[in-house]
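Inspection log for the structure reproduced underneath, given as C-alpha cells.
Because the structure is predicted, anything quoted here is derived from the model rather than measured. Chain identifiers are assigned alphabetically (A, B, ...) following the order of the sequence lines, protein sequences preceding nucleic acid strands; residue numbering begins at 1 within each chain.
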2 protein chains.
Amino acid sequence: MPVMTSESNKRVTIKSIAKEVGVSFSTVSKALNNDPAIKKSTRLLILNKANEMGYTPNSLAKGLRSHSTKTVAIIFSDIENPVLTYIFCKILTKMAEHGYTTMIFDSQFNENTERANILTVLSRQADFIILEPTSMNPDNLRLLSKTPNRLTLQGIRYETMNCHHVHVDYAHGGYLAACEMLSNGHKNCLVITEALSFPTSREFVFGIERAYNEYGVPFNRDMVKTTHSSITNGFQVIQQLWDHDKNAFSVPITGVLTFDDILAYGVYKAALQYNFKIPDDISVIGFDDNPISAFSMPPLTTIHLPKDKMAENHINILQSTLLSGRTETCFFSADPTLVVRGSVRNLLEKKRN
Amino acid sequence: MPVMTSESNKRVTIKSIAKEVGVSFSTVSKALNNDPAIKKSTRLLILNKANEMGYTPNSLAKGLRSHSTKTVAIIFSDIENPVLTYIFCKILTKMAEHGYTTMIFDSQFNENTERANILTVLSRQADFIILEPTSMNPDNLRLLSKTPNRLTLQGIRYETMNCHHVHVDYAHGGYLAACEMLSNGHKNCLVITEALSFPTSREFVFGIERAYNEYGVPFNRDMVKTTHSSITNGFQVIQQLWDHDKNAFSVPITGVLTFDDILAYGVYKAALQYNFKIPDDISVIGFDDNPISAFSMPPLTTIHLPKDKMAENHINILQSTLLSGRTETCFFSADPTLVVRGSVRNLLEKKRN
DNA sequence: TTGTAGGCGTTATCAG
DNA sequence: CTGATAACGCCTACAA
C-alpha cells in the first residue's frame with residue numbers, strides 16, 4: 001500500500017527513486033525490469049521504495065524508446081452498431097489479457113472523420129490498426145499502406161490492399177433477404193439502408209437487385225431509402241411514406257428490407273403508431289440477428305451475421321501477427337444466413353384461399 | 001498526396017524534414033506549430049516537404065514533453081452493458097470533436113482487473129479518468145486519489161472521495177420495480193441480479209427489500225439469484241429452477257425482477273422454451289429500458305434509466321474541467337422511473353373475478 | 001554488480 | 001527570423 005511521502009506532488013520517476021535509494025537511475029531501471037545483473041538485495045530495496053513511492057512507469061517514454069506501444073486501434077464506421085460493439089468488446093477484452101490496450105474510433109460514415117481518425121492513430125503509434133472503411137475511395141487507405149501486415153480491413157474486400165481482411169458478404173445477405181420476400185410473393189418491397197456511399201450498404205442493395213433479377217421482377221431504385229441506422233430514423237422513413245409519399249408508388253408496398261435490425265425496429269415502431277400489423281399488413285426482414293430479435297413482437301425474420309466468428313478472426317489475426325510474429329496476411333470471409341421467424345407473411349398462400 | 005521518397009522505410013520526423021529542407025529541426029518544429037516567428041516562405045517550404053514526406057507528429061514525444069496526452073480513459077465494470085456502451089459512445093464521439101482520444105477498459109466486475117486497468121491508465125498518462133467501481137473496497141480508488149478533479153465516479157456514490165460523480169439511484173429503481181410487483185399482488189418474486197459485491201447490484205436489492213418492508217411482506221433472501229448479465233445466464237437461472245429447485249420454494253413464484261433488460265430477455269427465452277406465458281404465468285420487470293424493449297413480446301415493463309442525461313453529465317464534466325479549466329468537483333444523480341408496459345399481470349383483479 | 005552516456009521525437013528557452 | 005541546447009522519462013550499450 002503506497003504511503004505518500006511528504007511532498008507527493010512531485011512526479012515519481014526512476015530518477016527520483018534512484019535518489020531516494022542512493023543508486024544510479026539505470027540501476028533502478030534494471031531492477032524494475034528484473035535484470036539478473038542486479039543484486040537481489042538492491043533489487044528488493046528498489047522495488048520496495050518504488051512501491052512505497054507509488055511509482056508507475058511512463059508508457060509514453062517507454063513507447064518512445066522502444067517503438068512499441070502495446071496498442072491496437074479500431075476505427076469503425078459506427079461504433080453504436082450492436083454487431084460492431086460486440087466485436088470490439090471481444091477484441092478489447094482478449095487483447096487486454098495480453099497487456100494491450102485498445103483505442104476505439106468512430107468515423108460516423110464520414111471520410112473526413114475517418115481521415116482524422118487514421119491520422120491520430122498514426123500519430124499515437126498504434127501497433128496494429130483495424131479499419132472498417134467508410135468508402136471505396138483509396139485516399140485514406142493510402143495513409144496506411146506502409147505496414148500492410150499491421151492492418152486489417154473489416155467489412156469490405158479491398159483487392160488492391162495486401163493486408164488482412166475480415167470480410168462480410170453483405171451482397172449475399174441482401175440476396176437471401178430479398179429471396180425470402182420474393183418467394184413469399186412480395187414483389188414491391190421498400191429498402192431502408194445506410195447511405196450508398198458506404199460500401200456494405202451498396203453491396204446489400206446489389207444483392208437485393210440480384211435476387212429481383214433472378215425472380216424476373218423489376219427492381220425500382222426509388223424504393224431504396226437511405227438513412228442512418230436508428231429506431232427513430234427507421235420510423236421516420238415509414239412516417240414520411242405514410243404522411244406524404246403514399247401516392248408516389250403505383251403499387252402498394254407489402255414488405256420492408258432493412259440494413260440492420262435496429263432499422264427494422266423502426267418499422268415496428270411505425271406499426272404501433274400507425275396501427276398496421278406485422279406481418280399481416282407489412283412484412284419485415286432485418287439484418288444482423290440481434291439476440292433480442294428472437295423475442296420481438298412478432299419475432300423478427302432476419303439475416304444472421306456470425307459475429308462470434310468475426311471477432312474470433314480478428315483476434316486470431318492480432319495474436320498471430322502481434323504475439324507470434326507471423327508476417328503473411330490473411331483473408332477471412334463471413335457468410336450470413338437467413339433466420340426465418342415471424343415477420344414475413346406468405347402472400348401466395350393467401351391467394352389460394 | 002504524399003509521394004513516398006525512395007527509402008520510405010525510414011521514420012519521418014522533424015529532424016528528417018529539417019535535413020531535406022536544409023534548416024534546423026527547431027525551425028521545422030516552429031513552422032509546423034505555426035509559430036509567427038517563422039518567415040512565411042520557409043514555413044510553406046517546410047509544410048510542403050512535411051506533407052510530401054507523409055509526416056505524422058509523434059504523440060508519444062509530444063505527451064512526454066508537454067505532460068498532456070489529450071486522452072480520457074473510461075473504466076467500466078462491463079462495457080457490453082448497452083447503457084454503458086451508449087454512454088461511452090456518446091463521450092467518445094464528443095471528445096473526439098475536441099481532439100481527445102478515449103481509451104475504454106472493461107473490469108468485468110473483477111477487482112484485480114480493475115486494478116490492472118487503473119495502473120495501465122496511470123501509466124499511459126490519461127488526462128482524465130472515468131471509473132465505475134466494481135466494489136466499495138477503497139484500495140483501487142486510492143491509486144487515483146492524487147487528482148480528484150480529474151476523476152469521475154460512475155454509478156455509485158463514494159462519500160469519502162472528493163471527485164466528480166455521475167450517480168444512479170439503483171436502490172430507488174429496485175424500489176419502484178418491487179412496488180409495481182407488490183401492488184399487482186406479486187408477493188413471491190425471484191430476483192436475478194449481478195454479484196452482490198457489485199455496489200449497484202446491492203443497491204438494487206436494498207431497494208427491493210425496502211419495498212417489501214413497506215408492504216409488510218417478508219423478503220426471502222434465497223429468492224435472490226446472482227449471475228452475470230446475459231440472455232443465456234438469465235435463461236439458465238430459470239432453467240435451474242425449473243429443472244431442479246422447483247420444490248425448494250414453498251410458495252410458487254409469480255414474478256421476476258431483473259437487474260437489467262438483458263436478463264429479462266433470458267426469462268423471455270425460458271418462457272419460449274418451457275412454454276409458460278408472460279405475463280399470464282409469470283410477470284417480469286426489467287431495468288435500463290433498452291429501446292428495443294418496447295417491441296418485445298410482450299412489451300417489457302421496466303425501469304427507465306436516463307442514459308442521455310448521464311452521458312450529458314459526463315460530457316459536461318469533461319468539457320468544463322479539460323477545456324474550461326474548472327477545478328470544483330460536481331455531483332450528478334440520475335433518477336430512474338418506472339415504465340409500465342405489458343409484462344406484469346394484475347393478480348388482484350384476477351381474484352375479483 | 002553498478003554507473004555513464006546517448007538517444008527515442010518533441011517543445012521551449014535562449015542566443016545569434 | 002533561425003539555430004543550438006536542454007529537458008520530458010526511459011532503456012541499453014558500454015565502461016568502470
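- Between B/E80 and A/K90, at least one side-chain nitrogen of the basic residue sits less than 4.0 Å from a carboxylate oxygen of the acidic one, meeting the salt-bridge criterion.
- Computed from coordinates, the B/K30 NZ to C/dA12 C1' distance equals 8 Å when rounded to whole Å.
- Rounded to whole Å, the distance from CD on A/Q125 to P on C/dC8 is 14 Å.
- For the atom pair CG (B/N137) and CD (B/E114), the distance works out to 8.5 Å, reported to the nearest 0.5 Å.
- Non-hydrogen atoms lying under 4.0 Å from DNA chain C are contributed by B/A61, B/K62, B/R65, all within residues 59-72 of chain B.
- In this entry the distance linking CZ of A/R124 with P of C/dT10 reads 14 Å, nearest Å.
- C/dT1 atom C1' lies 16 Å from atom CG of A/L44, rounded to whole Å.
- Rounded to whole Å, the distance from CZ on B/R11 to P on C/dG7 is 16 Å.
- For DNA chain C, the residues of residues 32-43 of chain A within the heavy-atom distance limit of 4.0 Å (strictly under) are A/A37, A/I38, A/K39, A/T42, sorted by number.
- Look at NZ on A/K19: it is 15 Å from P on C/dG3, rounded to the nearest Å.
- At a cut-off of 3.5 Å, with distance as the only test, no side-chain donor of A/N149 or A/T327 sits close to an acceptor on the other residue.
- Distances shown here put a side-chain N or O of A/T27 below 4.0 Å from the OP1 or OP2 atom of C/dG3.
- A pairwise comparison of heavy atoms in A/T56 and B/S123 identifies CG2-N, 3.8 Å as the closest pair.
- Between A/F109 and A/H228, the distance from one ring center to the other falls under 6.0 angstrom.
- Distance, A/M53 CE to D/dG9 C1': 14 Å, rounded to whole Å.
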Show your working on side-chain contact (heavy atoms from CB on, under 4.5 Å) between A/N140 and A/E111 and close with a plain yes or no. CA-CA 8 Å; A/N140 287 346; A/E111 280 187 53; 4.3 Å; yes
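- Between D/dC10, C/dG9, D/dT12, one nucleotide has an atom nearer to the side chain of A/S26 than all others, and that is D/dT12.
- The side chain of A/I14 lies closest to D/dC10, out of C/dG3, D/dC10, C/dG9.
- Remark: aromatic rings of A/F332 and A/H165 are distant, center separation not under 6.0 Å.
- Qualifying side chain to side chain contact (heavy atoms under 4.5 Å, CB included) partners for B/Q125, counting only residues two or more places apart in sequence or in other chains: A/N58, A/L60, B/T69.
- Rounded to an integer number of Å, the gap from B/F25 CZ to D/dA4 P is 9 Å.
- Residue A/S24 has its side chain nearest to C/dT4 when only D/dT5, C/dT4, D/dC11 are considered.
- Considering every non-hydrogen atom in both A/L151 and A/F128, the closest pair reads N-CZ, 3.8 Å.
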